[in-house]
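Every number for a ligand or one of its atoms is a count from 1 in the order of the listing. Atoms considered below: every heavy atom in the structure, side chains included; atoms not considered: hydrogens, waters and symmetry mates.
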Amino acid sequence: MVVLRDINTVDALIDKVFSYNPEANADLLRRAYAYSNEVHFKQRRKGGNPYIEHPLAVAGILCEMKLDTNSIATGLLHDTVEDTETSVEDVRALFGEDIAFLVESLTKLSKMEFKTNEDAQAENFRRMFLAMAEDMRVILIKFADRLHNMRTLQYLSDTRREAIARETMDIYAPLANRLGIGWLKSEFEDLSFKFLIPETYGELERKVAKKREEHEGYLYEVIKIVEAHLRAASIPGKVYGRVKHFYGIYQKMQKQKIPFELVYDVIAMRIITDTQANCYAGLGLIHSLWTPVPGRFKDFIGAPKSNLYQSLHSTIIGPKGERIEFQIRTEEMDRIAEEGIAAHWKYKEKARGDQVDEKYFSWLREFVKSQKDAPDAREFLEAVKGNIVPVVVYVFTPEGDIVELPLDATPVDFAYSIHTEVGHQCTGAKVNRRIVPLRYKLQNGDTIEIITSHGHSPSRDWLKYVKTQRAKSRIKQWLKIEERKKGLALGVELLEKGLRKYSLSPSLAQSKDILEIAKPYRIKTHEDLFVAIGYGRLSVHKIINKLMPESEKTEADQVPVKKERKESEDSKGITIKGVDNIMFHRAKCCYPLPGEKVTGFVTRGRGVSIHTVNCPTLDTHTIDLDRLVDVEWAADDDATHTVKIQVFTVDKRGLLAEVSAVLSTNNVNINHIDASATHEKQALFNLILEIRNRQQLDEILKKLSQISGVIEIRRVQS
Ligand code: MN
């Protein structure tokens, strides 16, 4: 979004609203303007201009965001209750419930400004979130208010100026970023930067302007080259060149401790195309034209940021040795990057009715409510088109520190985020001073206190509801150690019992002889031996058989693995004949595909792992053959499976684009793609693909091998 001149008459405002919302209620806007003008009449802005300038400009910014008429009217009225004799009741009587609610919320928010200590900032942040949960428009109007104040900050005293700029940098910019509104985050940062470190800002502004002038022709040239190649490769797309925002450049200088002249990628190019596949194809094309700078490729399409930002980033060495950062994304991704959550609060076609608007506007409110009333908030969320679900919740420690956790996180996640021991010893939790169950889903703004008791230990049940990786891994780690202890005790018991049964001395369990016998099983210590027995990896009979004289040997350990039949739930679309009632999963060593010959291996506690028949992991000399089971793929399996392949090619331009094109025309999803030059004038592409079965893989490999310049293709199976 470009920064336009502030709107300064009500007619200009109404024209602007009509340009995107022909059905807008112009009367309402005129009345709101007239009222605001009347009550603010005696006030002046700090610069000496009539006060009405400010509400008009705020309404104008909301217009740029294409918000609904009530939001824009609220922009006109937002300071009336705060600064004049007007009451919320007056606003309600004149402009209705919705506008009164918005004005009241904004008035409450504005009472909290200019606190500087950290506790107060946390409190501000919390209140912003609570207001946001009630009605998202409150925050968008607050943003517009702050933006205009920042644009006119020069009229204030030094101290107030700094306080406001600091707060904008610390709270508003990160919040705009969190909500994914890219243009607003950049403008908040640049304006704060300008008032916080004016000399540095001024110097940077001059240097960037100079660089921009010098580079105008150059940018044009690069755009032409890229456009021509996109056309030749039949990739639809527009190419833009732009200079990064000042604060972004400044951060780079600070982080890398370099002067402006050494910041290479001041210039960024953006390619906007139609599909995700074409983003990757476009990337391949850019990499074939110019050399990529190693380590500067980022795939935010495969791994989107938490504010839903998606794009491919790569820096290349362009013509004349200039480094240029390319950002490649679809139109939809670009819209989300610029407008973020605001995109969902836009004025909607009147034909869809007020109910649709209401549904969007009350989304966060309902979200909060639905999490309290219904356990399946997730279902509700998925129903919201466009999925603007915040992927995090913000909660508070009793001291007021903010903790960011994933959506649906529980007090257990919170406890582990504080400290591993707090997690382990967590027995209960209080949210907003009330006891809640440990599986309670945390809500924005909750204050959490963890109740611990010394010597308490984690429960396996927790794994069913914790959301953070940290909590999961800590619990699993603890359980593993605990399980090993139990396994060890059981192993000792079983072995000694077995020895007694065959009238051998229980002390043999600790002997050197027994370690000799265990050697073929790659067991080196007594402890490992006992654990292996306790876990069922090694049978007591096998050991004892070897300790006994030849004549007394029994038919020990001939219990075959039981094979039962039933569908499995836990394995992403795999159905296999011969394994039932047991969980199974594709082994991570060989990633077998439907259609390949496979065998199953009964693991301890993780069900059956499926390997290709010749997988080296299943070395028949070291594994327990009794634990192999016969399996085969069931027919008709539509799910896709990850497969890694490497393509070795001659170092020729355009090959990555060709490879991407073959994959996309054959409807194969690319999870990851990267390219590097190898020393013998060859290139290597690493690909991770989603493949349905062996047959599809064979076809793809065949087609890829037909591309001229491709030397060899390897499937990676380890
Ligand atoms: Mn204001």
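A donor atom on one side chain and an acceptor atom on the other are not found under 3.5 Å apart for Arg137 and Thr74.
In this structure, Phe193 has its ring center under 6.0 Å from that of Tyr250.
Within 6.0 Å of the CD atom in Glu85, the count of heavy atoms belonging to other residues, nucleotides or ligands does not exceed 12.
Within Asp145, OD1 is the N, O or S atom that lies nearest to the Mn ion (ligand 1).
For the Mn ion (ligand 1), the N/O/S atoms of Glu82 include none lying under 2.8 Å. With 2.8 Å as the limit, His148 does not count as an N, O or S neighbour of the Mn ion (ligand 1).
Rounding to the nearest 10°, we obtain 90° for the angle at the Mn ion (ligand 1) between His54 NE2 and Asp79 OD2.
Below 30°, between 30° and 60°, or above 60°: for His313 and Tyr309 the angle between ring planes is above 60°, a perpendicular geometry.
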